[in-house]
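Each remark here refers to the structure printed beneath this line.
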Amino acid sequence: MPKKYWLFKSEPDVFSWDDLVAAKNRTTTWEGIRNYQARNLLRDECRNGDQVFFYHSRVNPPAIMGIAQVVKEAYPDPEQFDPKSKYYDPSADPDAPRWLMVDVQAVKAFRKPVDLPTLKAHEDLDGLMVTKRGARLSIQPVEPIHWRVISRLGQPKKLT
DNA sequence: GCCAACGTTGGC
DNA sequence: GCCAACGTTGGC
């Protein structure tokens, strides 16, 4: 199975790239996905070792901050059952969990974060989902060719 | 903070 | 099953 490529969005006010780098083992749970299309991608397509662009949304400018990888494949998101969580889903059934999450680990930081205007302007990035009107999906597949172009722009630096 | 886009809910 | 109302996302 060839490695696949993704873009995961996060609001840095909630959880930022720096938060991930500072986390234990530079790893976090990616809880809170509450969209069926994103859930299905996690369940059906997202595998250990897949590469992930970490994207900051709802900031100006939005930007890809670095590269992470999937280190644990889809499993039930416990917050769907926690009434105190903002991700609580009262209709989720413990016997048939509705919402899934994966774990991701930071791998390389971009020396030069690649912002949305740059993504939009680059002629080799036509068709990239995040630049399209209405691309609200929080888990997006990325074409290998697009991955290579963006990685080069970001000048990734291995985390030590 | 605004608001367009779009996903989900629920009455019928 | 339609679709209006509603809630959320996310760029600006």
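Values in this document were obtained by computation on a predicted structure and should not be read as measured data. Just so you know, these numbers use all the heavy atoms, side chains as well, and skip hydrogens, waters and symmetry mates. So you know, we letter chains A, B, ... as the sequences are listed, proteins then strands, and number each from 1.
The nearest whole Å value for the distance from the CD1 atom in Ile64(A) to the C1' atom in dG10(C) is 15 Å. One can place CZ of Arg136(A) at 6 Å from P of dG7(B), the figure rounded to the nearest angstrom. Here the P atom of nucleotide dG11(C) and the CG atom of Asp115(A) are 11 Å apart, to the nearest Å. If you take CG of Asp13(A) and C1' of dG1(B), they are 14 Å apart, rounded to a whole angstrom. Whole-Å rounding puts the Leu7(A) CG to dG11(C) P distance at 10 Å. Summarising the geometry, the separation between CG on Leu119(A) and P on dC12(C) is reported as 11 Å, rounded to the nearest angstrom. The distance from atom CD1 of Ile139(A) to atom C1' of dT9(C) is 14 Å, rounded to the nearest whole Å. Here dG11(C) presents its C1' atom at 16 Å from NE2 of His56(A), a figure rounded to the nearest Å.
Clustering ILVMFWY residues whenever any of their side-chain heavy atoms sit less than 4.5 angstrom apart, transitively, puts Trp30(A) in a cluster other than the one holding Leu100(A).
If you check dG11(C), dT8(B), dA5(B) against the side chain of Tyr55(A), the one that comes closest is dG11(C). Distances from the side chain of Tyr36(A) to the nucleotides dG11(C), dT9(C), dT8(B) place dT8(B) closest. Proximity note for Lys120(A) (side chain, C-beta onward) versus dT9(C), dG11(C), dT8(B): the nearest is dG11(C).
For Lys9(A) and dG10(C), the shortest distance from a side-chain N or O to OP1 or OP2 is below 4.0 Å.
Looking only at side-chain heavy atoms (C-beta outward), Trp6(A) and Val142(A) stay at 4.5 Å or farther from each other. Residues Leu41(A) and Leu137(A) are in side-chain contact: their nearest non-hydrogen atoms beyond the backbone lie under 4.5 Å apart.
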Going through the distances and angles, do Arg98(A) and Asp89(A) end up as a salt bridge (charged side-chain N to carboxylate O under 4.0 Å, His left out)? CA-CA 9 Å; Arg98(A) 172 177 302 188; Asp89(A) 181 348; 3.4 Å; yes
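No hydrogens or angles were tested; on distance alone, nothing pairs the side chain of Arg58(A) with the base of dT9(C) as donor and acceptor under 3.5 Å.
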